[in-house]
Amino acid sequence: MVTTSWLTSLLAYVAIVIALDPSKYVPFNKSQLADDSIFEQFEYESLEQSPWVVSANDKYLGLWSIEEGTNAYVGFEGDKGLVMKLPASHSAISLPVKFTNKEIPLVLQYEVKLQNGLSCGGAYVKLLTAPINGKQFNSETGYEVMFGPDMCGSQNKVHFIINRCNPKTEECEEKHLTVPPMAKTGQLTNLYTLILHPRGAFEIRINGQVAKYANILDRPHLLSPPLNPPVIIEDPEDIKPEGWDAEPEFIEDPTVTKPDNYEQLYGSRFIPDPDVVKPKNWLEDEPEYIEDPESTKPQLWNDDEDGEYVKPVIPNPKCEGMVCGKKWENHVPVVPNPDYKGPWIHPKIANPKFNGEWRPRQILNPDYYEDVRPFNFRPIGGIGFELWSMEGSIMFDNIYLGHRVSEAELIGNSTFLPKQKLESKNYELHRPKAKHEPVAPPKSVKSVSDLDDLGIFEFFRLLIRLQLNNVFDFIYDFQLDPAETIIREPVKFIAYCFGFVFLFTIVFGFGSVVMFLFTQAVSSLFSPAPPPVIKPNDEVEEETPVEIEEIQVEEPKLVEIFDDDDTTKEVRHR
Ligand SMILES: *[C@@H]1O[C@H](CO)[C@@H](O)[C@H](O)[C@H]1NC(C)=O
Ligand SMILES: *[C@@H]1O[C@H](CO)[C@@H](O)[C@H](O)[C@H]1NC(C)=O
């Protein structure tokens with residue numbers, strides 16, 4: 001009996017644990033939402049069993065699927081979404097809806113998970129103008145609102161575009177938010193919310209945080225082109241008269257003429273050097289060679305046979321040491337002209353006959369209208385994704401289209417936030433890590449002991465590092481303001497002082513022991529002789545007389561030689 005009850009409670013416990021497993025998917029209870037709210041959380045067996053319609057248009061070859069997420073950063077187990085599968089292909093899908101928002105807010109919210117990241121492509125949603133034909137859904141299909149992430153390279157934005165039609169001309173224009181917020185990158189789920197109030201206020205939230213808030217009516221230039229057409233335009237029927245441009249804007253001044261000596265005074269870049277005078281030995285008119293006056297016609301010269309007699313020439317005797325026959329003005333050195341002004345330019349004056357630039361007449365814009373309810377849209381017939389993206393596997397989920405901000409917040413808080421938490425946890429576990437990722441030093445002992453999977457060695461290493469950090473922090477503070485630091489943390493100061501003295505003593509005690517041993521070792525190495533302590537020892541005394549004796553034996557030999565030093569020969573003879 002005891003075992004059974006024990007088993008029962010164990011089973012009950014297991015059941016509770018499974019039931020409370022926080023990573024198990026629990027669908028959002030739609031009955032919490034108003035009847036006219038549209039909420040799609042993709043609880044379908046497959047795409048075929050869902051009301052979503054894939055475009056059969058020739059351009060759209062992309063595949064769609066309703067499935068669970070496939071990247072490593074999983075959220076809830078069993079949570080399905082709509083996935084655009086193929087990279088680099090056009091994909092279009094839509095959900096037929098019936099939705100109007102005349103004079104009431106429009107709230108559009110959905111989750112995007114760029115499971116493979118996104119380098120270039122869109123993940124935005126369109127609210128399609130009713131009626132729609134889902135099979136033919138394409139880029140030309142009319143829409144009222146376009147909203148969501150779009151990025152390519154460094155371009156990254158959350159699109160917000162409204163399509164407004166001029167009631168007078170019935171022409172429609174897409175008006176873009178000029179400074180859109182940045183979209184979230186990364187491979188986790190992000191939540192995008194658009195809130196449009198009928199009086200022109202709009203709000204974009206990303207993950208529940210307001211990313212943009214403004215009123216279009218107050219600031220119509222937030223959109224491009226602006227919300228309203230211009231009040232005054234140029235008259236398209238006013239055309240430029242013939243001959244308007246016949247007269248030039250400027251003419252040459254008739255009262256000014258070119259001075260006669262302009263070229264001479266101002267027109268040449270160089271002038272003869274005025275400081276150089278003609279040298280005395282310069283004989284311009286004297287020829288360099290003259291006929292030899294001493295030469296006469298020879299007797300035998302026959303003019304008929306030999307031609308006319310020409311006297312030979314000789315160097316002009318007057319030209320010795322002179323320069324003859326050269327024009328001085330061609331040889332004067334030149335210097336830059338200080339008055340040089342360049343070629344003469346005829347000054348110009350405004351032409352009194354000039355008509356000015358032609359401008360068409362300004363008139364009141366007959367097509368002007370004021371869009372006082374910029375967010376009152378035509379009936380919406382579908383929610384559509386019409387995308388191209390470099391990466392596939394973009395997942396959409398929890399699409400809300402309704403009139404209540406509170407509902408969007410409720411959905412965000414009960415579906416997105418817990419999902420984000422799970423994904424972040426899985427991200428920490430599975431994210432790509434750098435090989436030598438720097439680890440921030442622990443802030444407290446608790447933060448060290450909180451770390452999972454810590455070996456004992458690693459634990460102590462971190463602990464020592466933490467202590468060292470504390471000491472260095474304290475030393476730093478102490479350097480900045482010693483008194484203040486001591487007053488603030490007196491215990492720490494005393495503890496560190498003691499610690500320092502203690503360490504100092506140990507280090508020095510150890511050091512002096514080492515030094516002592518070292519000096520001992522060194523002295524025994526370099527002095528192998530016994531210590532010079534002389535004891536009255538027999539052996540020592542005996543040795544000394546022997547040496548002395550030997551010396552004494554040698555000394556007499558020397559003495560003998562020196563004794564006979566006077567008679568060197570005699571020594572040699574010996
Ligand atoms: C959903 O909520 C409603 C009331 O808000 C409740 O009556 C219903 O039982 C809930 N459904 C589920 C499946 O929890
Ligand atoms: C959760 O609810 C609060 C208000 O109750 C709201 O400010 C916040 O944006 C919500 N979070 C999300 C993710 O929707």
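Both ligands and their constituent atoms are indexed starting at 1 by order of listing.
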>> List the residues meeting salt bridge (charged side-chain N to carboxylate O under 4.0 Å, His left out) with Arg205, not counting sequence neighbours, and say none if there are none.
In response: Glu203, Glu409
> Under the salt bridge (charged side-chain N to carboxylate O under 4.0 Å, His left out) test, which residues partner Asp481, sequence neighbours left out?
Replying inline: none
Less than 3.5 Å apart, N/O on ligand 2 and N/O on the protein: could you list those pairs with the distances?
residue, atom, partner, partner atom, Å
ligand 2, 2 (O), Asn413, ND2, 2.1
ligand 2, 9 (O), Gly208, O, 3.1
ligand 2, 11 (N), Asn413, OD1, 3.4
ligand 2, 11 (N), Asn413, ND2, 3.4

>> Can you give me the closest heavy-atom contact between Asn116 and Gly392, atom names plus distance?
In response: ND2-O, 3.8 Å
> If you look at every heavy atom in Gly78 and Glu68, which pair is closest and at what distance?
Replying inline: N-OE1, 3.0 Å
> Going by distance only, is there an N or O of Gln32 that falls short of 3.5 Å from an N or O of ligand 1?
Replying inline: no
> Between Arg373 and Glu103, is there a salt bridge with N-O shorter than 4.0 Å?
Replying inline: yes
> Residues two or more places apart in sequence or in another chain: which of them pass disulfide (SG to SG under 2.5 Å) with Cys497?
Replying inline: none
